[in-house]
Amino acid sequence: QVTLVESGGGLVQAGDSLRLSCTASEGTLSLHVLAWFRQGLGKEREFVSVITWNGGKTVYGDSVKGRATVSRDNAKNTVFLQMNNLKPDDTAVYYCAARPGRADYTPRQSGEYRYWGQGTQVTVSS
């Protein structure tokens, strides 16, 4: 069992940066693939990024490519999402998700992930 808790969201202006964090309050993340998704109001949940268990492979969604960096610190049981040059379209609730596994499999579909956090709101004003 893994319990995920996101933090770091807030209200920022266009062009600003944010660093989101996701920590396991229960369980260990070192044996999991970790991903970030987001969901804007009235929109479908969207894939943002994924990182393998050892950080050796990362994948980004087209809407954040070049502006986002995912990383993890297994010793701290935490995954991070650094978002730069934020745009109003980035406004959403950001969720982290985990799936067990040490393979290089990096799925973009939300249904592939077993554990989810409660989300953190990011609002970007123009």
Side-chain angles (χ1 to χ4, degrees):
Q1 179 67 30
V2 173
T3 301
L4 302 172
V5 180
E6 301 96 336
S7 61
L11 174 61
V12 297
Q13 294 186 335
D16 285 351
S17 298
L18 270 182
R19 189 191 197 201
L20 305 182
S21 300
C22 174
T23 300
S25 62
E26 181 180 1
T28 177
L29 295 183
S30 62
L31 302 178
H32 292 75
V33 174
L34 301 173
W36 288 94
F37 290 80
R38 68 185 184 185
Q39 188 166 16
L41 191 63
K43 299 181 180 180
E44 294 186 354
R45 190 163 293 190
E46 176 190 12
F47 168 77
V48 176
S49 183
V50 59
I51 185 168
T52 50
W53 70 278
N54 62 354
K57 180 179 177 181
T58 58
V59 179
Y60 298 93
D62 290 341
S63 60
V64 302
K65 199 171 295 182
R67 300 187 296 121
T69 302
V70 62
S71 60
R72 63 190 296 163
D73 185 339
N74 286 341
K76 295 183 178 180
N77 232 12
T78 301
V79 61
F80 305 97
L81 180 68
Q82 175 73 37
M83 292 281 293
N84 300 323
N85 190 24
L86 285 160
K87 306 174 182 180
D89 283 349
D90 294 319
T91 295
V93 178
Y94 284 70
Y95 299 91
C96 69
R99 62 169 280 131
R102 286 192 171 186
D104 280 349
Y105 183 46
T106 51
R108 298 177 174 226
Q109 298 79 18
S110 59
E112 296 276 359
Y113 293 87
R114 182 181 300 179
Y115 305 108
W116 291 82
Q118 83 290 346
T120 185
Q121 176 71 47
V122 173
T123 303
V124 184
S125 63
S126 58

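Here the structure is a predicted model, which is why all the values come from computation and not from measurement. When reading the values below, keep in mind they use all heavy atoms of this one structure, side chains included, and skip hydrogens, waters and symmetry mates.
The minimum heavy-atom distance linking Thr52 with Ala103 is given by the pair CG2-O, 4.0 Å. Val5 and Ser25 make their closest contact through CG2-OG, 4.0 Å (heavy atoms, listed as atom of the first residue, atom of the second, distance).
Legend: residues meeting salt bridge (Lys or Arg N to Asp or Glu O under 4.0 Å) with Arg108, ordered by chain and number and at least two apart, are absent. Not counting sequence neighbours, the partners of Trp53 by the side-chain contact (heavy atoms from CB on, under 4.5 Å) test are Arg72, Arg102. Under the salt bridge (Lys or Arg N to Asp or Glu O under 4.0 Å) criterion, Glu6 pairs with no residue at all, not counting sequence neighbours. Annotation: side-chain contact (heavy atoms from CB on, under 4.5 Å) contacts of Glu44 (sequence neighbours excluded): none. Taking the side-chain contact (heavy atoms from CB on, under 4.5 Å) definition, one finds that Ser7 meets it with Ser21, sequence neighbours left out. With sequence neighbours left out, the ring-ring contact (aromatic ring centres under 6.0 Å, His included) criterion links Phe47 to Phe37. The side-chain contact (heavy atoms from CB on, under 4.5 Å) check on Val2 picks up Leu4, Ala24, Leu29, His32, Tyr115, with sequence neighbours excluded.
For the atom pair CZ (Arg45) and CD (Gln109), the distance works out to 14.0 Å, reported to the nearest 0.5 Å. Lys57 NZ to Asp104 CG: the interatomic distance, rounded to the nearest 0.5 Å, is 5.5 Å. For the atom pair Trp116 CH2 and Thr3 OG1, the distance stands at 15.0 Å (nearest 0.5 Å). Interatomic distance, Asn77 CG to Ser30 OG, rounded to the nearest 0.5 Å: 7.0 Å. One distance of note links OG1 of Thr58 with CG of Leu34; it measures 12.5 Å at 0.5 Å rounding.
Trp36 and Val50 end up in different hydrophobic clusters when Ile, Leu, Val, Met, Phe, Trp and Tyr side chains are linked at under 4.5 Å. Residues Tyr60 and Val48 share a single hydrophobic cluster, defined by chaining ILVMFWY side chains whose heavy atoms lie under 4.5 Å apart. Tyr95 and Leu20 are not part of a single hydrophobic cluster, where members link through side-chain heavy atoms under 4.5 Å apart. Val70 and Val33 are members of different hydrophobic clusters when ILVMFWY side chains are connected at heavy-atom separations under 4.5 Å.
No hydrogens or angles considered: nothing links the side chains of Arg99 and Tyr113 as a donor-acceptor pair under 3.5 Å. For the residue pair Thr91 and Thr123, no side-chain donor N or O sits within less than 3.5 Å of a side-chain acceptor on the partner.
Legend: salt bridge (charged side-chain N to carboxylate O under 4.0 Å, His left out) pairs involving residues 24-35, not counting sequence neighbours: none detected. Residue pairs meeting the disulfide (SG to SG under 2.5 Å) criterion with at least one partner in residues 25-83, sequence neighbours excluded, are absent. The disulfide (SG to SG under 2.5 Å) contacts involving residues 46-126 comprise Cys22-Cys96, where partners must be two or more places apart or lie in separate chains. Listed by first and then second residue, the disulfide (SG to SG under 2.5 Å) pairs that reach into residues 49-81 come to none, sequence neighbours excluded.
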Would you check, one step at a time, whether the test side-chain contact (heavy atoms from CB on, under 4.5 Å) holds for Val64 with Arg38?
CA-CA 11 Å; Val64 302; Arg38 68 185 184 185; 3.8 Å; yes
Please evaluate residues Ser110 and Gln39 with respect to the criterion side-chain contact (heavy atoms from CB on, under 4.5 Å), reporting the C-alpha separation (whole Å), side-chain torsions for both, the decisive distance (0.1 Å), and the verdict.
CA-CA 11 Å; Ser110 59; Gln39 188 166 16; over 6 Å; no
Show me the side-chain donor-acceptor pairs of residues 79-89 shorter than 3.5 Å, one per line, residues at least two apart or across chains.
residue, atom, partner, partner atom, Å
Gln82, NE2, Asn84, OD1, 2.9
Asn84, OD1, Ser17, OG, 3.0

